[in-house]
Asks: 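Let me give you the structure first, and then I'll get to my questions.
All figures in this text were calculated on a predicted structure; none of them were measured in a lab. Convention: sequence-line order gives letters A, B, ...; per-chain numbering from 1.
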Number of protein chains: 2
Amino acid sequence: MADTRERFIDAATRAFAERGFYGTSIANIAESLPFTKQALLHHFGSKEKLYAEVLTRISERLMRDLAAAGTETSDASERFENVFVNILRASLENSDDTRLLMRELLDNKRRAESARTWYLAAFLDTLTDLARDALGDGAPARSLALVYQLLGAINYFVVSRPTLAQMLGAKTFDELSTAYEHELRSLITSRLGVADEP
Amino acid sequence: MADTRERFIDAATRAFAERGFYGTSIANIAESLPFTKQALLHHFGSKEKLYAEVLTRISERLMRDLAAAGTETSDASERFENVFVNILRASLENSDDTRLLMRELLDNKRRAESARTWYLAAFLDTLTDLARDALGDGAPARSLALVYQLLGAINYFVVSRPTLAQMLGAKTFDELSTAYEHELRSLITSRLGVADEP
DNA sequence: TACGCTACTTACCATTCGGTAAGTACAGGG
DNA sequence: CCCTGTACTTACCGAATGGTAAGTAGCGTA
């Protein structure tokens, strides 16, 4: 059944996000559902192929989210800011995906071919165009750098949340969580508000 | 010999950074040196203990670097900016360490007790104090959020470099690399240059 | 010369891993 | 009623893993 496949992909996403590709065994994934690992192999053929399906589903969602955002306003700066706030919210909401993609980023140099970066390339292209409109200057590397810095600010935070929660204590952690989006907006608007020196 | 220990820790740092804790076998580490895995076990007792020594050595370097920076100037904003540029340079220079710490961040929720966050706590404390001085406002959560965003901007970039190099091609990648520090400075100075609304 | 210590090695082991082989149960169609 | 395909299961396998046991070689000391 297609439903069983989906359940496997769900469980695999959680497991891979939590323990990484090598820290996760297919038996482990299957045991979190009422199936054996052979059922998993029946549907996906191999661990690698299951992982590929997990990645595909995540990048499809990313592109869908990105396409949905960025059409709310005509002001370039405002649009830029809103797009990144949307990315922050989506990344927080799908933190398993975010963690898994961070692991993939760390691993994919080794995981050979890794033409798997296509989703990132499309992502960056779109965002860099938005950045150029918002910055209004000509150097494409600057736009790309800014985009990457903001993605880093977002993803690193999402990935750190469990550690931060434990380290900071509930009160400070809650304050940080609520401050984060506001502070991200400040960072973006202030950056967009100043002229660049060459 | 102490030298053999150091060589094991060096090799382990590279291996753990590249493949992660679970993707690395102690036999693999030993094979990259003219020793057997039993020599490794003789010196460190277990894989976990070796990993702990690797982490300890990294966090000691981090604290040393941080203590060395931040004393160059008396102006709070300038000091803040310089500290983060120093962190960027050090993270790039020790990219294995950066990658390994990113993996640890992803793993340590699971790796139980993980009182291993102490180095991060001290790091954040120091940086947040600098941020408060530079921002000149009272909300500690804002300072912490800003610090974390800049750390994210730095670490995410360092970790992504192999992927970016492959994805962007040599020319664009070089442009991005040289633009990154400049753009980070722009991000910081512009953020410090505007007043906060509550 | 004997002793103990450090720095290793070879041999071995139980467990876990991803994957294959060979089935069982059942549904739908001719 | 049989045939075929799907969705699984139990049984099994070779390779790799972390770790233990039991050495061996060399050095410093009494």
Asks: Show every donor-acceptor pair shorter than 3.5 Å between a side-chain atom in residues 167-175 of chain A and any protein atom, with sequence neighbours excluded, or say none if there are none.
Replies:
from, atom 1, to, atom 2, distance (Å)
A:K171, NZ, A:E175, OE2, 3.1

Asks: What is the distance, rounded to the nearest whole Å, between atom CD of A:E31 and atom C1' of C:dT16?
Replies: 11 Å
Asks: How many whole angstroms separate atom CG of B:L40 from atom C1' of C:dT6?
Replies: 16 Å
Asks: Tell me whether the side-chain N/O atoms of A:T4 come closer than 4.0 Å to OP1 or OP2 in D:dA7.
Replies: no
Asks: Do B:F8 and B:V54 have side chains that approach each other closer than 4.5 Å (heavy atoms only, starting at C-beta)?
Replies: no
Asks: Find the distance A:E6:CD to D:dA7:P and express it as a whole number of Å.
Replies: 14 Å
Asks: Report the residues that fulfil side-chain hydrogen bond (donor to acceptor under 3.5 Å, both in side chains) with B:D97, sequence neighbours left out, ordered by chain and then residue number.
Replies: B:R61
Asks: Would you give me the side-chain donor-acceptor pairs under 3.5 Å for residues 28-36 of chain B, sequence neighbours excluded?
Replies:
from, atom 1, to, atom 2, distance (Å)
B:S32, OG, B:I29, O, 2.7
B:T36, OG1, B:Q38, N, 3.4

Asks: Find every protein N or O atom lying less than 3.5 Å from an N or O atom of nucleotides 20-23 of chain D, and list the pairs.
Replies:
from, atom 1, to, atom 2, distance (Å)
D:dT20, O4, B:Q38, OE1, 2.7

Asks: What is the distance from CZ of B:F21 to P of D:dG18, rounded to the nearest Å?
Replies: 8 Å
Asks: To the nearest Å, give me how far apart OH (A:Y51) and P (C:dG18) are.
Replies: 14 Å
Asks: Whole angstroms only, please: what is the NZ-P distance between B:K47 and D:dG19?
Replies: 8 Å
Asks: Strictly below 4.0 Å: does A:T36 bring a side-chain N or O up to OP1 or OP2 of D:dT9?
Replies: yes
Asks: Please list every donor-acceptor pair under 3.5 Å in which a side-chain atom of residues 144-164 of chain A meets a protein atom from a residue at least two apart or in another chain.
Replies:
from, atom 1, to, atom 2, distance (Å)
A:Y148, OH, B:S160, OG, 2.7
A:Q149, NE2, B:Y180, O, 3.3
A:N155, ND2, A:L151, O, 3.1
A:N155, ND2, B:Y156, OH, 3.4
A:Y156, OH, B:N155, ND2, 3.3
A:S160, OG, A:Y156, O, 2.6
A:S160, OG, B:Y148, OH, 2.6
A:R161, NH1, A:S177, OG, 3.0
A:T163, OG1, B:N108, OD1, 2.8

Asks: Would you kindly give the NE2-to-C1' distance between A:H42 and D:dT10, to the nearest whole Å?
Replies: 16 Å
Asks: I need the CG-P distance between A:D3 and D:dA7, as an integer number of Å.
Replies: 12 Å
Asks: Going by the rule side-chain hydrogen bond (donor to acceptor under 3.5 Å, both in side chains), which residues pair with B:N82 if we only count those two or more places apart in sequence or in a different chain?
Replies: B:R185
